[in-house]
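This report concerns only the one structure given below.
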Amino acid sequence: MTQTSQFSFGGRAPRALLAGAFLVFAGLGAAGTVEAATYYVRTDGGDATQCTGKSDARYPGSGTNQACAWKHPFIALPPGGSPRIAGGDTLIVGAGSYMMGIGAPGATSCSSSWSYDCFMARIPSGTTSAPTRILGKGYNTGCSAPPELWGTGQAWTIFDLRARSNIEIGCFDVTDHDACIQGHGGGSSCSTGGKWAARGIYAEDSSNVKLTDLNIHGMANKGIHAGRLSNWTMTRLTLRANGWVGWDGDIGADNSSNSGNMTFRESEIAWNGCAENYPSTSIHACWGQQLGGYGDGLGTHRTGGHWLFEDTLIHHNTSDGLDLLYMADGGSVTLRRVWAEGNAGNQIKTNGQARIENSVVVGNCGYFDGKFSTMVSGDHCRAMGNAISIGLFANDTVDVVNNTISSEGDCLVFSGGTSSSKLNFVNNVMIGERDRTGSGEQSCLHYTQGGEAVSWDKNAVSGVKNGTCPSGSLCGSPKIASASYAGFDPMPASDSPLLNAANASKAPSVDYYNKTRSQPDIGAVERNGTSSGGGAVPDQIFANGFQAI
């Protein structure tokens, strides 16, 4: 569940917000009427008088209007001023570290009295055929050393996309240099004027945006705070250890609803609701809603849109991992090759039309117990800790196909629908563990508070309350490599009953690892699958990032 956490900064909203109605037109430019330009920033560049910004060269040390790069992104997008780039232009930021806030080059209009208002001007909108691009150097060669944009002076955000569309942002490390959480209730609150910033990206009324190779981490409040979006695509986006929430879709308005396609690929949403030490990036001060925090990996207000998550890790957030409980307005959710683990509430929540396939859902909702003094008892296995929560409207169909699911919450799956809605379980491995929510019994297999039609086809069920095993299921140990939460591994053993036992006509063509299924196994992983030659393998992408504490 999303929770608004707007901070008034002593009763004053940022000046940029108050002036927003007068600045909407600023920097829109005449996209499409003049030839788009490419501008450059590098740490050895010059200011706006010294350099034109149109050459990837250092400032030679003397002269004005030289063919050289600007020395800071603020020169291109001055806080409180008009952008020096136009819609459809490209800004390429060179390697290095750039302080984003009061005291930085180009921050001449900023004041210590409202340092939170010191952030880049809104990026000018491009067009669908010529988007405005803000890119770190190396964006087209693997982005191995992204430039760092680090917020300071309690800057309200790093990127501002209010009423901005047709934009690409890629290849940046977005963070701050403080180890605090804004308004933290457990002793790690931020100090006034510290080296911290509240958000990585703020957006509203924004469409056709691409975020690629962005690592947004350690922000004092939220990684991304955005609503009323349409057609956003996130590729290799990391939202890690942002103090309140990774992605907050509640912008504090009556209508925060999104539309179009909202797509996440090869991404990671982890450790949100925790602080990140600087410079070590180790995790500390994790907190949840019992102390007034939040902690979702991704949560929204009421929203529409077609949300797709592929090859994505969602783990160790201090509330729900993926909370799309407020899906409505004809939207849908698809999860394909997702690993969700260690989130303190539900691992996955959907509402409305949905499909979950080839995913590994490890519902160890008590992961944080005993690890952080600021995580109190009510935060563990919040919302009963069900691994998956599913809501259905009238005439909806939800398919849960070829997943491996375990839970130590109340149930593996909780649902609620109507007599005209359908919930289909096909080819899943479903493992119950001891229920941590108070009963001391095993987790139940499935509980519904609605009247949806539920079907079971070729599932493997073990360890659940009352030994439940629906007709047509395999009952007993699935014999996977490890069902232990210390190192869960869904690979079927060589003598597993899962092998070749799935309903082949309903199995996806590839498994979690993107390996081809020939005679499909039950569960997310095909033991004898062969490389499909395409797609991303989550464990390889995040081999160094998916680390529990």
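These numbers come from a predicted model, not from an experiment.
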Are W232 and W307 an aromatic pair, judged by ring center distance below 6.0 Å? no
Yes or no on side-chain contact (heavy atoms from CB on, under 4.5 Å) for Y202 and F119, after CA distance, side-chain angles and deciding distance? CA-CA 11 Å; Y202 183 84; F119 52 88; over 6 Å; no
Starting at [atom1] of [X], measure out to [atom2] of [Y] and round the result to the nearest 0.5 Å.
X: D369; Y: D379; atom1: CG; atom2: CG; value: 10.5 Å
X: I348; Y: I388; atom1: CD1; atom2: CD1; value: 5.0 Å
X: Y278; Y: T175; atom1: OH; atom2: OG1; value: 8.5 Å
X: E441; Y: R434; atom1: CD; atom2: CZ; value: 9.0 Å
X: E341; Y: N364; atom1: CD; atom2: CG; value: 5.0 Å
X: L298; Y: T312; atom1: CG; atom2: OG1; value: 10.5 Å

How far apart are the C-alpha atoms of W339 and Y512, what are their side-chain angles, what is the distance that settles it, and do they pass the side-chain contact (heavy atoms from CB on, under 4.5 Å) test? CA-CA 9 Å; W339 190 301; Y512 171 81; 3.3 Å; yes
Any side-chain heavy atom of [X] sitting closer than 4.5 Å to one from [Y]?
X: I158; Y: I216; answer: no
X: F393; Y: N351; answer: yes
X: T152; Y: H177; answer: no
X: L322; Y: V338; answer: no
X: D160; Y: M120; answer: no
X: C180; Y: S191; answer: no

Quick check against the 3.5 Å criterion: does [X] have a side-chain atom that pairs as donor or acceptor with the backbone of [Y]?
X: N317; Y: N272; value: yes
X: D248; Y: D250; value: yes
X: S443; Y: E433; value: yes
X: N258; Y: L229; value: yes
X: N242; Y: K222; value: no
X: R382; Y: D320; value: no
X: W196; Y: G218; value: no
X: D205; Y: A163; value: no
X: N403; Y: I356; value: yes
X: S482; Y: G487; value: yes

Which atoms form the tightest heavy-atom contact between [X] and [Y], and what is the distance?
X: N386; Y: C411; value: OD1-N, 3.0 Å
X: S415; Y: L392; value: CB-CD1, 4.4 Å
X: H301; Y: S256; value: CB-CB, 3.8 Å
X: C118; Y: A155; value: O-CB, 3.7 Å
X: G342; Y: Q347; value: N-OE1, 3.3 Å
X: A220; Y: W244; value: O-CD1, 3.7 Å

Which residues share a side-chain contact (heavy atoms from CB on, under 4.5 Å) with S189, sequence neighbours left out: H184
Kindly write out the residues that satisfy side-chain contact (heavy atoms from CB on, under 4.5 Å) with A145, not counting sequence neighbours, or none if the list is empty. none
Testing R337, R265, R236 one by one against D311 for a side chain to side chain donor-acceptor pair (under 3.5 Å), which residue passes? R337
If you count every heavy atom of other residues, nucleotides or ligands that lies below 6.0 Å from Y447 atom OH, does the total exceed 12? no
Look at atom CG of D254 and say whether more than 12 heavy atoms of other residues, nucleotides or ligands are closer to it than 6.0 Å. no
[Y] and [X] side chains, donor-acceptor separation under 3.5 Å:
X: N402; Y: N358; answer: no
X: S319; Y: D296; answer: yes
X: N221; Y: Q182; answer: yes
X: S389; Y: N346; answer: no
X: N261; Y: T263; answer: no
X: S282; Y: N277; answer: yes
X: S207; Y: S165; answer: yes
X: S332; Y: Q353; answer: no

Residue pairs involving [range] (criterion salt bridge (Lys or Arg N to Asp or Glu O under 4.0 Å); sequence neighbours excluded):
range: residues 168-185; answer: none
range: residues 280-293; answer: none
range: residues 399-411; answer: R355-D399, E408-R436

Is there a side chain to side chain donor-acceptor pair (under 3.5 Å) between T437 and D435 once you walk through the steps? CA-CA 6 Å; T437 63; D435 180 3; 2.6 Å; yes
Verify salt bridge (charged side-chain N to carboxylate O under 4.0 Å, His left out) between R240 and E268, making sure each step is shown before the conclusion. CA-CA 8 Å; R240 182 184 189 272; E268 183 176 22; over 6 Å; no
Residue list, ring pair (Phe, Tyr, Trp, His ring centres under 6.0 Å) with F264, at least two apart or on another chain: W247, F309
Sole candidate of H284, H217, H316 that passes ring-ring contact (aromatic ring centres under 6.0 Å, His included) when paired with W271: H316
Show the numbers, then the answer: is there a salt bridge (charged side-chain N to carboxylate O under 4.0 Å, His left out) between E204 and R162? CA-CA 5 Å; E204 60 185 49; R162 283 172 289 153; 5.9 Å; no
